[in-house]
Participant: 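Sharing a structure below in structure tokens format, with a few things to ask.
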Amino acid sequence: MRRFLLALVVAALLAAACGDSDQGIETGDGGTDSPTAEVMAAALRQVVTVDHTFGQGPPPFTRYLVQSSTDPVAGDGTASGNPGPLTDAEQAAIAAALEDLGPVEFIDDPDQWRTEDLAPTVEGSVILGVGEPSIDGDSALAPVSLWCGGLCGTWLTYRVELSDGIWTVTGIEGPVAVS
């Protein structure tokens, strides 16, 4: 009977460990085994450094407020869904991707970080969100949002591709919303 119970426990543990397809895949240089984390980090880095809506040049932000849960309106600004908390690996990959640009802080409720006129409460900051990526092999779609005021925001979805072990944004898929 003990052997049967031990075998049952081992089988359950193995099934749980193998059940998540995002585990055990080495990607990028972020030090995680989660392609989801690497895809999210690559997408947020792209929106901050390239598509920040301030034209060419470095991002104008001095602090990065990242939503600690997935953003249900990331991508097109009108979607809906239930946000889920970012994992420790996702937060670590995102922080590593942005840390050379300025301080990164994870926030729970972005509305608490906006003034009445919709500007971030911290001068020079930007509020970032990322939706749950859709990953299919070496290709992914990653919805993101960037908010820096009532007339300063963007929502879009990136195509992110795995090449030589690094997830890289290769383009924008679908609509782009800008305020």
Side-chain angles (χ1 to χ4, degrees), residues 17 20-54 56-75 81 83-110 112-114 120-148 152-173 176:
D20 187 355
S21 63
D22 286 350
Q23 298 302 312
I25 302 171
E26 287 192 27
T27 58
D29 58 0
T32 71
D33 289 334
S34 170
T36 301
E38 296 295 329
V39 167
M40 287 176 163
L44 285 176
R45 174 91 184 177
Q46 180 81 10
V47 76
V48 166
T49 60
V50 177
D51 297 313
H52 50 68
T53 72
F54 285 89
Q56 304 248 332
F61 314 114
T62 57
R63 188 167 168 194
Y64 300 86
L65 307 173
V66 182
Q67 295 179 51
S68 61
S69 293
T70 55
D71 182 359
V73 299
L86 297 180
T87 66
D88 290 343
E90 291 164 351
Q91 287 190 16
I94 291 166
L98 301 177
E99 69 186 356
D100 67 313
L101 303 173
V104 177
E105 182 176 347
F106 288 90
I107 61 172
D108 291 330
D109 182 359
Q112 292 181 346
W113 292 85
R114 293 185 183 112
T121 58
V122 178
E123 190 172 333
S125 68
V126 62
I127 299 171
L128 301 171
V130 62
E132 187 67 34
S134 171
I135 301 173
D136 185 12
D138 291 347
S139 184
L141 293 175
V144 295
S145 65
L146 177 148
W147 184 272
C148 49
C152 180
T154 190
W155 300 262
L156 54 95
T157 299
Y158 287 117
R159 168 72 58 190
V160 187
E161 303 283 339
L162 181 63
S163 178
D164 296 327
I166 298 174
W167 287 97
T168 305
V169 172
T170 60
I172 296 172
E173 296 270 333
V176 175

Participant: Using side-chain heavy atoms (C-beta onward) and a distance below 4.5 Å, is Leu146 in contact with Val144?
Facilitator: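 Answer no - side chains too far apart.
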
Participant: Check whether any side-chain heavy atom of Ile172 lies under 4.5 Å from a side-chain heavy atom of Asp51, and answer yes or no.
Facilitator: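 The answer is yes; the side chains approach within 4.5 Å.
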
Participant: Return the minimal non-hydrogen interatomic distance between Glu105 and Trp113, and the atom names on each side.
Facilitator: OE2-CH2, 3.5 Å

Participant: Look up atom OG in Ser69 and atom CD in Glu132, then write down how far apart they are to the nearest 0.5 Å.
Facilitator: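 These two atoms lie 11.5 Å from each other.
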
Participant: When you compare the side chain of Trp155 with that of Pro143, does any pair of heavy atoms fall below 4.5 Å?
Facilitator: no

Participant: Taking all non-hydrogen atoms of both residues, which atom of Trp167 and which atom of Val160 are closest, and how far apart?
Facilitator: CZ3-O, 3.6 Å

Participant: Does the pair Leu128 and Val130 meet the rule for a side chain to side chain contact (heavy atoms under 4.5 Å, CB included), with working shown?
Facilitator: CA-CA 7 Å; Leu128 301 171; Val130 62; over 6 Å; no

Participant: Phe61 and Cys148: which non-hydrogen atoms are nearest, and at how many Å?
Facilitator: CE2-CB, 3.8 Å

Participant: Mind listing the closest non-hydrogen atom pair of Thr62 and Glu123 along with its distance?
Facilitator: OG1-O, 3.8 Å

Participant: About how many Å separate OG1 of Thr168 and CD of Glu38, when rounded to the nearest 0.5 Å?
Facilitator: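 Between atom CD of Glu38 and atom OG1 of Thr168 there are 10.5 Å.
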
Participant: If you count the non-hydrogen atoms of other residues, nucleotides and ligands that lie under 6.0 Å from CG in Asp100, is the total more than 12?
Facilitator: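 Check passes, neighbour count above 12.
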
Participant: Hey, what do you get for CZ (Arg159) to CD (Gln46), rounding to the nearest 0.5 Å?
Facilitator: 14.0 Å

Participant: So, taking the atom named CH2 in Trp147 and the one named CG in Asp71, what distance separates them when rounded to the nearest 0.5 Å?
Facilitator: 11.0 Å

Participant: Between OG of Ser68 and CD of Glu90, what distance do you get to the nearest 0.5 Å?
Facilitator: 11.5 Å

Participant: Applying side-chain contact (heavy atoms from CB on, under 4.5 Å) between Tyr64 and each of Leu44, Ile94, Val48, report the one that passes.
Facilitator: Val48

Participant: Please give me the minimum heavy-atom distance between Gly129 and Gln67, naming the atom from each residue.
Facilitator: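 Gly129 and Gln67 have their closest heavy atoms at CA-NE2, 3.7 Å.
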
Participant: Show the nearest heavy-atom pair for residues Met40 and Gly131, with the distance to one decimal.
Facilitator: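 Result for this residue pair: CE-O, 3.8 Å.
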
Participant: Within this structure, what is the OG1-CG distance for the pair Thr70 and Leu86, rounded to the nearest 0.5 Å?
Facilitator: 6.5 Å

